[in-house]
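Report on the structure given below.
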Amino acid sequence: GYRVSLQGVFLGSNLTFVPFPEYSPRQHIKLDPPSNLQANITATKWQIWWSVPWSLAEILQYELQYKEHSTSWEIALNKTPTSSLPQIEIEATEFRNGITYIARVRCKVSENEDSYHSQWSEWSQTALFQRAGIPQLPEKLFNIRTVQFLFIPLGFVTVLYVFWNCKLSSRGQKASPALTFPHQLPSFSHSTICIMGILR
C-alpha cells in the first residue's frame, strides 16, 4: 500500500496531515464507462449489449437505465443484470409500440470482488431503439361481404342442381348426378359470375 500525506504551512508552522495512512489504489478505482452500446428489439424481447476491457469483464457489475426519449432521466427505469455478461434482455411488453426509447449503462467492480473496489463509472454514450407496431388482425375475419361471396354462389348452385333433378324425375327419367351435373357446370359458372358481379 501507500501512505498519502499533505504538508503545508499554517500560521508560520509546518503541518502534516495524513488522510490515508494506508492507501491501496486497487481499492479506489473509477473505471471508464462501457462503450459501443447497441440495442435490438424484436416482437418478444429487447436485447442490449456493450463492450468493456476483456481483462475486467468477469469482475464487473452493471446498471442500465432506459426511458422514453422525450422524458427526463430522473424518471428513467433501472435494471441490474444478474450476471457479469455485458448484455441484458428485457421483455418487449415493457415498451410501447411506435415510441422511441433511449438507454445508457455504467459499470463498477462487483461487490463480490474482494481484491478490488470501485465507484460507479460515468454513464456510457446512449443508444436509441424503437418497438415497431405489431400488425393487428381484422376484428371480423369473415365479415358479411366475405360470407356473401363464399356461400351465396354455392347455395344457388345447390338449389339449381336439386331443381334439375326434380324436373327430370317428374318426366319419368332417372337422374344420374354423375351424368347430368357436369353438363350444367357452364350454366352454373355463368350464374355464379353474374351474382358476384351484382355483389360488387
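Hydrogens, waters and symmetry mates are skipped; everything else that's a heavy atom, side chains included, is used. These numbers come from a predicted model, not from an experiment. The first residue in the sequence is number 1, and the count goes up from there.
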For a 4.5 angstrom cut-off between non-hydrogen side-chain atoms, does Trp120 reach Gln61? yes

May I ask you to check whether over 12 heavy atoms, not counting those of Asn78, lie within 6.0 Å of atom CG? yes

Does Gln87 CD have over 12 foreign heavy atoms under 6.0 Å away? yes

To the closest 0.5 Å, what do you measure between CD1 (Ile90) and CD (Gln47)? 11.0 Å

Please determine whether side chain to side chain donor-acceptor pair (under 3.5 Å) holds for the pair Thr80 and Glu63, giving the CA-CA distance in whole Å, both sets of side-chain angles, and the decisive distance to 0.1 Å. CA-CA 5 Å; Thr80 302; Glu63 182 180 24; 5.4 Å; no

Compare all side-chain heavy atoms of Pro33 with those of Arg106 and state whether any distance is below 4.5 angstrom. no

Heavy atoms of other groups near Gln38 CD, more than 12 under 6.0 Å: yes

Can you get from Ile102 to Ile41 by hopping between Ile, Leu, Val, Met, Phe, Trp and Tyr side chains that sit under 4.5 Å apart? no

With the side chain counted from C-beta on, respond yes when Val105 and Ile88 share a heavy-atom pair under 4.5 Å apart, and no when they do not. no

Crowded around Phe95 CZ? As in, over 12 foreign heavy atoms under 6.0 Å? yes

Determine, using the 4.5 Å side-chain heavy-atom cutoff (strictly less than), whether Leu56 and Leu64 are members of one ILVMFWY cluster. yes

Is the shortest side-chain heavy-atom distance between Lys45 and Glu91 below 4.5 Å? yes

Knowing that exactly one of Trp46, Tyr66, Tyr101 qualifies, which makes a side chain to side chain donor-acceptor pair (under 3.5 Å) with Glu94? Tyr66

ILVMFWY cluster, Leu77 and Ile48 together (side-chain gap under 4.5 Å): yes

Do Gln130 and His69 make a side-chain contact, defined as non-hydrogen atoms from C-beta onward lying under 4.5 Å apart? no

